[in-house]
Amino acid sequence: MNSSRFETFIDAIIAIMLTVMILKIPQPETMDLAGIWNLRVMYLSYIISFIIIYNIWDHHRQLFDAIQNINNRVLVMYSILIFIITLIPYFTAWVAHQPYEPIPELMFGILFMLTNIVYILSTIVAIKHDSYSDIIKEVSFNKIFLVNISLFILGVILIYAGYPLSMMIICLITVINWNLINYFDAIEEGDASGN
């Protein structure tokens, strides 16, 4: 089946998630810099979650520029991914309201690592299904997966060493890692050469 309707569906879900997430942040109690400063952790958690969701959308867009057809297996994997990323606003609100507690931070990190794993698996399934192009077969996740698992383990250690906010920072570093280790270079090179 053609992937265009599926892409539109994912775009709509991501737009709704971003809207819901911003509505969870309360207005400052006082209309001055101190009131805004008091909400700094909420703003930080929103920014990190926004960057995570945006990067999922951007990488999804790049992938489906190269993939034209999908099957039920791809739909199932992406349905699981959508279910997991729709939990991000909930966990963002939880960690924003209790930023210095280890359990919300740990759950935020676990959700993000699960998002990472399922995103990689769903991308692999999509690439294996659409065999029209040799370009997308060159996409590799080995380096990014190993680095992200290592960062997640570091985040768990830091949480229990008494630095609970570290998991949010680790998640942000992991997203930066998604963009530094560009596993879509093969797709972009193929597009530039006219494949």
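Heavy-atom basis, side chains included; hydrogens, waters and symmetry copies ignored. Sequential numbering from 1 along the given sequence is applied to the chain's residues. All values reported here derive from a predicted model rather than from experimental measurement.
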Gap separating the OG1 atom of T123 from the OH atom of Y78, nearest 0.5 angstrom: 4.0 Å
Within-4.5 Å side-chain heavy-atom neighbours: M168 and V41: yes
Min side-chain heavy-atom separation I157-I153 under 4.5 Å: yes
Non-hydrogen atoms of A96 and P99 that approach each other most closely: O-CD, 3.6 Å
From CG (L44) to OG (S49), nearest 0.5 Å: 9.0 Å
Considering all heavy atoms, the nearest S45-T92 contact: O-CG2, 3.6 Å
Cluster link I56 to I16, ILVMFWY, side chain under 4.5 Å: no
Over 12 non-hydrogen atoms of neighbours within 6.0 angstrom of CG in L33: no
N148 to M113 - nearest heavy-atom pair and separation: O-SD, 3.8 Å
Neighbour count above 12 (heavy atom, 6.0 Å) for R73 CZ: no
Student check: side-chain heavy atoms of N38 and E29 closer than 4.5 Å: no
Co-membership, hydrophobic cluster, residues V20 and I85, 4.5 Å side-chain: no
I82-L121 co-clustered via ILVMFWY side chain contacts under 4.5 Å: yes
Closest non-hydrogen atom pair, L158 against S166: CB-OG, 3.1 Å
Given I14, T8, I13, the one that forms side-chain contact (heavy atoms from CB on, under 4.5 Å) with I10: I14
For L39 against P26, the heavy-atom pair lying closest together: CD1-O, 3.4 Å
Short side-chain to backbone donor-acceptor contact, T86 and F83, under 3.5 Å: yes
Taking every non-hydrogen atom, the tightest pair across T115 and I88: OG1-CD1, 4.5 Å
Distance (rounded to the nearest 0.5 Å) between L151 CG and N116 CG: 9.5 Å
Spatial distance of atom SG (C171) from atom CD1 (I51) [nearest 0.5 Å]: 11.5 Å
Plane angle bin for F50 and Y46 - parallel if under 30°, tilted between 30 and 60°, otherwise perpendicular: tilted
Heavy-atom check, side chain of F152 versus side chain of I110, under 4.5 Å: yes
Within-4.5 Å side-chain heavy-atom neighbours: H97 and M42: yes
Pairwise distance CG(L165) to CD1(I169) - rounded to 0.5 angstrom: 7.0 Å
Shared hydrophobic cluster for L87 and M17 (ILVMFWY, side-chain gaps under 4.5 Å): yes
Minimum side-chain heavy-atom gap I80-S122 below 4.5 Å: no
Side chains of F112 and I48 in contact at under 4.5 Å (non-hydrogen atoms): no
Distance, nearest 0.5 Å, that separates CD of E101 from CG of L106: 12.5 Å
Derivation and outcome, side chain to side chain contact (heavy atoms under 4.5 Å, CB included), residues V156 and M167: CA-CA 7 Å; V156 172; M167 186 56 85; 3.9 Å; yes
F9, CZ atom: more than 12 neighbouring heavy atoms under 6.0 Å: no
